[in-house]
Amino acid sequence: MTTTPNMLREQVEAMLLKSLAEGRLSHAYVFSGPPGSGKLRTALTVAQTLLCKERTSPKQGGRACGHCAECRKVLHGNHPDLIRVAAEGASIKIDQIRELQRSFAYRTENDRPRIYIIEEAEKMTIQAANSLLRFLEEPGAGIIAILLTDQASALLPTITSRVQRIAFAPTPPAVIAQELMREGVPEHLAKPASQLAAGMDAARQYAQSDWFAETRNVVIQLAKECLAAPGKPLLTVQQKVFKGELADHIEIILQLFGLLFKDIIHVQARQITSLNFPDQSDWLKHAAFQYNASRWVRAMESVLEARKQLRAHVNPQLVLERFMVAVQEV
């Protein structure tokens, strides 16, 4: 098995398109990396480029044109030479792999390339993985396999030894934030979304969601009340969190508190160039020097403890109420 070092999605795409232009594309790949790192997007880019009838020249990047009939079919998910396999329920079953093999048993006109993408490949049953193994060993002419996984170590060694593994690195939050702002997302939403989401697509979804903007506003209100009106935060939690849809986002509330406290600590250290709450800079300065650094470090520790309790399935309302009390007492 050949494994590339961790690379950003743009680097992976450039490398694969170069290999395609030079006729060096492997017959099978494993794309591994955290959610949101661009694995599926890259797999579809490769498929579209392979099937495109009008892709650009190698000197121009060798990319798919994006508008021919083949490209449109890939984008719409109905290209006959591209098959995507995903888990049915909790696993990818042997019948799905057998059906994939049957679909690729015939020869295409002019030996057109054919591609299959297996999403969450770590969910294959042992029987499915063994069936795929035989297909990887004798794939047939022009067939390209791309397996996507967040956990490459969960794949059978016999599979990973027969593919080229490409490790995707997570996109840096600063890059995500810049792209969101370029798309018109306000900085005060782009910054926290880029920190909390796993990748560009998830960050965009956060930043464009009404609940995310509302959650952020509630966190700011609660933080200010903790300093100015002890006792009031618990009432606000009841009225604005647990009587609406924000009750489904307690983890995000805690993470946003973590970013807010981190901003306060940075302001104390006079590192204010990359605040996650840039529109709150005046209040952050006020809060930062109202107490010493150790208080805000303890507040950060309270966030970690509350998130730990949430993962342990403690009642979310109890977790958030305890957290608000802890923040006021640190």
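This structure is a prediction, so every number in the text was calculated from the model and none was measured. By convention here, the first residue in the shown sequence is residue 1.
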Under 3.5 Å, side chain of H76 to main-chain N/O of N78, donor-acceptor pair present? no

Between the main-chain N or O of V30 and the side-chain N or O of R165, is there a donor-acceptor pair closer than 3.5 Å? no

So, R295 side chain and V327 main chain: donor-acceptor pair closer than 3.5 Å or not? yes

Heavy-atom donor-acceptor pair, S131 side chain to Q127 backbone, under 3.5 Å: no

Should we say atom CD of Q205 is surrounded by more than 12 heavy atoms from elsewhere, each under 6.0 Å from it? no

Show the atom names and distances, to 0.1 Å, of all donor-acceptor pairs under 3.5 Å that link a side chain in residues 252-266 to residues at least two apart or in another chain.
from : atom 1 : to   : atom 2 : distance (Å)
D263 : OD1    : N276 : N      : 3.0
D263 : OD1    : N276 : ND2    : 3.3
D263 : OD2    : N276 : N      : 2.9
D263 : OD2    : F277 : N      : 2.8

Whether the side chain of K93 engages the backbone of T125 through a donor-acceptor N/O pair (distance < 3.5 Å, no angle test) should be reported. no

Taking L320 as the fixed residue, which of L310, V241, N315 is the one that meets the side-chain contact (heavy atoms from CB on, under 4.5 Å) rule? V241

Taking R307's backbone N and O only, do any of them form a donor-acceptor pair with E251's side chain (distance below 3.5 Å, no angle check)? no

What pairs meet the ring pair (Phe, Tyr, Trp, His ring centres under 6.0 Å) rule with one or both residues in residues 129-152, with sequence neighbours excluded? Y116-F135

Looking only at the side chains, is there a donor atom on one of Q290 and K285 sitting less than 3.5 Å from an acceptor on the other? no

So, using side chain to side chain contact (heavy atoms under 4.5 Å, CB included) as the criterion, who are the partners of A207 when residues are at least two apart? L180, V185, A193

Can I get a per-line list of side-chain donor-acceptor pairs under 3.5 Å for residues 232-240, giving both atom names and the distance, sequence neighbours left out?
from : atom 1 : to   : atom 2 : distance (Å)
T236 : OG1    : E225 : OE1    : 2.7
T236 : OG1    : E225 : OE2    : 3.1
T236 : OG1    : K232 : O      : 3.4
Q238 : NE2    : E321 : OE2    : 2.6
K240 : NZ     : Q221 : OE1    : 2.8

At what distance, to the nearest 0.5 angstrom, does CE of M15 lie from CZ of R24? 9.0 Å

According to the ring pair (Phe, Tyr, Trp, His ring centres under 6.0 Å) rule, which pairs have a member within residues 219-245, sequence neighbours left out? none

Kindly write out the residues that satisfy side chain to side chain donor-acceptor pair (under 3.5 Å) with T171, not counting sequence neighbours, or none if the list is empty. none

Check: H79 main-chain N/O paired with E70 side-chain donor or acceptor under 3.5 Å: no

Does atom CD (E138) have a neighbourhood of more than 12 heavy atoms from anything else shown, all under 6.0 Å? no

